[in-house]
Asker: 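Before we start, here is the structure in question, set down as structure tokens.
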There are 2 protein chains.
Amino acid sequence: MRYKLTIAYDGTDFHGWQKQHPPDADVPLRTVQQVVEDVIKHVVREDVTLLGASRTDSGVHARGQIGAFSCWTMIPTERMLMAINSRLPGDVRITNVDPIDESFNPISDCTSKGYRYNIKHGCMDNITAPLFDRNYVYWTRYVLDVAAMLTAAQLIIGKHDFTSFTRLHHGRDSTVRTVLACEVVATDAHHCHIDVSGTGFLYNMVRIIAGTLLEVGKGKIDAHTIPKILEARDRTAAGPTLPPEGLCLMWVRYDNGPDPSVQDGA
Amino acid sequence: MRYKLTIAYDGTDFHGWQKQHPPDADVPLRTVQQVVEDVIKHVVREDVTLLGASRTDSGVHARGQIGAFSCWTMIPTERMLMAINSRLPGDVRITNVDPIDESFNPISDCTSKGYRYNIKHGCMDNITAPLFDRNYVYWTRYVLDVAAMLTAAQLIIGKHDFTSFTRLHHGRDSTVRTVLACEVVATDAHHCHIDVSGTGFLYNMVRIIAGTLLEVGKGKIDAHTIPKILEARDRTAAGPTLPPEGLCLMWVRYDNGPDPSVQDGA
């Protein structure tokens with residue numbers, strides 16, 4: 001039986017999604033894949049491999065990560081959901097379990113993914129800097145021009161060579177990707193988020209898009225130079241890579257239907 | 001020179017406010033008083049003692065804790081604020097510094113304090129349980145009757161013997177306290193908070209008031225039995241002590257003016 005899991009996690013205390021066991025370490029690093037896989041093994045009482053749709057970095061959060069594993073054990077999905085969740089630590093949770101075709105591969109079958117980058121801005125000093133939400137937003141003293149950021153965001157949409165928006169030595173064959181949507185939403189005078197969705201992403205791509213839109217918001221990059229930055233195919237033409245804590249993997253899609261809704265509770 | 005500090009902190013990773021050095025430990029426990037006092041000593045380059053208005057427990061948060069210390073060093077308050085904050089870890093912050101009379105004592109001069117207890121309710125399972133806010137709210141599967149809780153809350157207001165609402169062996173001479181206000185506010189269908197203010201509180205008093213109102217919200221205690229619970233002068237007559245993570249010290253007052261506003265940014 002193969003199962004598809006929807007996974008939400010607070011990435012603060014994880015070394016990212018992917019299992020890692022440094023040669024000089026006695027135990028593997030605390031990663032989401034490791035923690036969830038270990039619990040599944042315990043619940044189904046057999047060895048399993050948990051594959052994830054997105055290898056989120058250390059400190060990056062998820063509300064709708066997708067994982068999949070196969071096992072011989074037959075457990076009703078509702079009972080499996082409860083059994084896994086009751087054994088998981090407080091910073092990771094399964095929000096859905098579905099039986100799925102044995103051929104399902106969460107990485108190669110993915111049709112699109114959506115990320116959100118959260119920003120707090122206009123904090124004049126470290127008095128008004130984030131405290132309770134410090135692990136979930138990027139903050140800047142600048143008051144951002146959200147309208148200019150939105151103008152720039154619209155110019156990122158489409159099929160482009162995103163060499164300017166990925167880390168050097170990214171190790172991918174092609175740097176052409178399609179961004180389906182890129183929105184900047186102001187939720188109040190001091191908070192905005194950038195929603196980016198696409199059929200696939202290069203390494204650090206969302207965090208560099210966020211960093212570039214941030215520079216536009218500060219007035220340091222003109223919104224209309226986005227096409228030139230793309231054409232440059234040069235990492236130094238774009239803005240900085242923003243830190244991981246502002247980033248959250250919101251959803252992963254496997255069809256062409258409407259955007260999957262995200263659990264509000266997580 | 002004596003200074004009055006307003007302090008905000010995320011209590012999750014602190015062993016409460018008060019300094020503690022267990023006899024068998026090499027170093028003191030990580031407490032807010034210890035961390036802030038150490039930074040002040042470094043900034044003013046002399047030995048100081050930081051006194052706090054409320055000895056919050058391990059895991060309890062604060063947006064408006066008040067502290068005070070004296071030193072010989074003359075530093076403009078704005079510069080002192082920045083110097084302290086730039087050396088503090090991310091989970092504690094000074095939001096205000098004021099020079100104050102040498103006689104100022106943050107404990108005995110206090111005229112009233114306000115606490116908030118945050119509750120998430122009607123989470124049917126551990127899927128919708130808090131994830132990103134798990135350290136800041138108490139959660140329950142029950143759907144709470146907030147109107148009944150508010151009725152009960154109003155009956156707690158006033159000068160009463162709060163023996164039923166404190167831990168046994170509390171070590172205080174008198175158990176009579178005055179609750180000035182007790183409100184229950186529903187912010188949406190799944191979140192409410194209890195705001196309690198008073199001239200002084202017994203040990204665990206706010207967390208037991210919250211636990212008793214919770215039982216009222218569940219329909220396990222009738223709202224109108226609050227006077228009987230007070231009259232019983234018996235800890236077992238009231239509801240449970242709710243856990244620390246839902247509690248936040250909002251403000252401390254030293255006069256009879258209007259409620260001090262709380263920094264929204266914290």
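Chain naming here is simple, since letters A, B, ... match the order of the sequence lines and numbering starts at 1 in each.
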Asker: My understanding is that only residues two or more places apart in sequence, or in another chain, count here; which of them pass side chain to side chain contact (heavy atoms under 4.5 Å, CB included) with A:Asp188?
Answerer: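 Testing A:Asp188 for side chain to side chain contact (heavy atoms under 4.5 Å, CB included), a comparison that skips the adjacent residues, returns A:His190, A:His191.
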Asker: As an exercise, state the distance from CG of B:Asp133 to CG of A:Asp10, rounded to the nearest 0.5 Å.
Answerer: 10.0 Å
Asker: What heavy-atom pair brings B:Leu131 and A:Gly90 nearest, and what distance separates the two atoms?
Answerer: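 For B:Leu131 and A:Gly90, the tightest heavy-atom pair comes out as CD1-O, 3.3 Å.
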Asker: Show the nearest heavy-atom pair for residues A:Tyr9 and B:Phe132, with the distance to one decimal.
Answerer: O-CZ, 3.3 Å
Asker: Partners of A:Arg79 by salt bridge (Lys or Arg N to Asp or Glu O under 4.0 Å), sequence neighbours excluded?
Answerer: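 Per chain and number, A:Arg79 pairs via salt bridge (Lys or Arg N to Asp or Glu O under 4.0 Å) with no residue.
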